[in-house]
Amino acid sequence: MKLAVIVTPEQQVPPDDYGGAEKHCDILVRELLNRGNEVDLYAAKGSTCPATRVFESRECRMSEEQFLVDEMKNHEYDCV
């Protein structure tokens with residue numbers, strides 16, 4: 001399956017310090033990859049999660065959410 005995971009663009013994935021959603025996102029992406037899926041990650045600038053492809057925000061700010069959503073619309077997925 002071709003999947004997309006999007007997380008708030010405030011902290012990179014995985015986070016350097018605290019970042020509950022970003023840590024869970026990293027775990028989810030790694031497990032989906034281990035199960036043979038293709039996973040694109042839409043996350044904050046500086047993310048190092050080993051997704052199939054990582055699409056980063058321009059800045060680590062919540063206002064970058066729309067930028068990531070617009071980028072995601074350029075691709076087709078089985079599940080988001």
Side-chain angles (χ1 to χ4, degrees):
M1 287 186 93
K2 187 172 180 182
L3 310 171
V5 175
I6 189 166
V7 68
T8 57
E10 286 186 301
Q11 296 220 26
Q12 67 256 16
V13 178
D16 285 335
D17 194 14
Y18 176 77
E22 293 81 7
K23 181 65 177 170
H24 285 285
C25 180
D26 184 62
I27 293 166
L28 175 66
V29 169
R30 290 170 190 266
E31 187 59 33
L32 290 168
L33 289 170
N34 285 340
R35 294 174 182 248
N37 295 289
E38 183 179 331
V39 184
D40 287 353
L41 173 64
Y42 294 83
K45 182 177 180 178
S47 293
T48 60
C49 181
T52 307
R53 293 185 298 178
V54 177
F55 296 91
E56 296 181 338
S57 61
R58 298 165 292 191
E59 300 176 64
C60 293
R61 301 175 59 127
M62 283 300 289
S63 59
E64 289 289 290
E65 283 184 325
Q66 190 61 52
F67 172 80
L68 291 177
V69 169
D70 290 342
E71 182 62 38
M72 190 171 51
K73 290 178 183 177
N74 294 324
H75 306 276
E76 291 190 28
Y77 295 103
D78 296 312
C79 184
V80 175

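Quick note: numbers below take in every heavy atom, side chains included, and nothing from hydrogens, waters or symmetry partners.
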Is it true that a side-chain atom of E10 and a backbone atom of M62 form a donor plus acceptor pair closer than 3.5 Å?
->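 Side chain of E10 to backbone of M62, a donor-acceptor pair under 3.5 Å: no, none is there.
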Expected output: side-chain Q11 to main-chain A44 donor-acceptor under 3.5 Å |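 No; judged by distance alone, with no hydrogens or angles, the pair does not exist.
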Is L28 reachable from V13 through a run of hydrophobic residues whose side-chain heavy atoms are each under 4.5 Å from the next?
->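 Linked, V13 and L28 end up in one cluster.
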Are V7 and I27 linked, directly or through other ILVMFWY residues, by side chains that come within less than 4.5 angstrom of each other?
->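 Different clusters: V7 never reaches I27 through Ile, Leu, Val, Met, Phe, Trp or Tyr contacts under 4.5 Å.
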Using 0.5 Å steps for rounding, measure from the [atom1] atom of [X] to the [atom2] atom of [Y].
X: E59; Y: F67; atom1: CD; atom2: CZ; value: 10.5 Å
X: C25; Y: Q12; atom1: SG; atom2: CD; value: 12.5 Å
X: L33; Y: C49; atom1: CG; atom2: SG; value: 7.0 Å
X: E56; Y: T48; atom1: CD; atom2: OG1; value: 9.0 Å
X: L32; Y: R30; atom1: CG; atom2: CZ; value: 12.5 Å

Do T8 and E22 come close enough that some side-chain heavy atom pair is under 4.5 Å?
->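 In short, these two side chains touch, coming nearer than 4.5 Å.
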Contact check, side chains of N74 and E71, non-hydrogen atoms, under 4.5 Å =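 Yes. Closest side-chain heavy atoms under 4.5 Å.
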Can you give me the closest heavy-atom contact between [X] and [Y], atom names plus distance?
X: S47; Y: V54; answer: CB-CG1, 4.2 Å
X: L41; Y: A51; answer: CB-CB, 3.7 Å
X: L68; Y: S57; answer: CD2-N, 3.7 Å

Heavy-atom neighbours of H75 NE2 exceed 12 at 6.0 Å |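 Result for NE2/H75: enclosed.
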What do you reckon, is CZ of R53 surrounded by more than 12 foreign heavy atoms closer than 6.0 Å?
->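 Yes, enclosed.
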Not counting sequence neighbours, which residues clear side-chain contact (heavy atoms from CB on, under 4.5 Å) with E38? List them please.
->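 If we apply the side-chain contact (heavy atoms from CB on, under 4.5 Å) test to E38, skipping adjacent residues, the hits are K2, T52.
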Any chance you could lay out the side-chain contact (heavy atoms from CB on, under 4.5 Å) test for E64 and R58, step after step, and finish with the verdict?
-> CA-CA 7 Å; E64 289 289 290; R58 298 165 292 191; 3.0 Å; yes
Relative to each other, are the rings of Y42 and Y77 parallel, tilted or perpendicular (30° and 60° limits)?
->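 It falls in the perpendicular class, over 60°.
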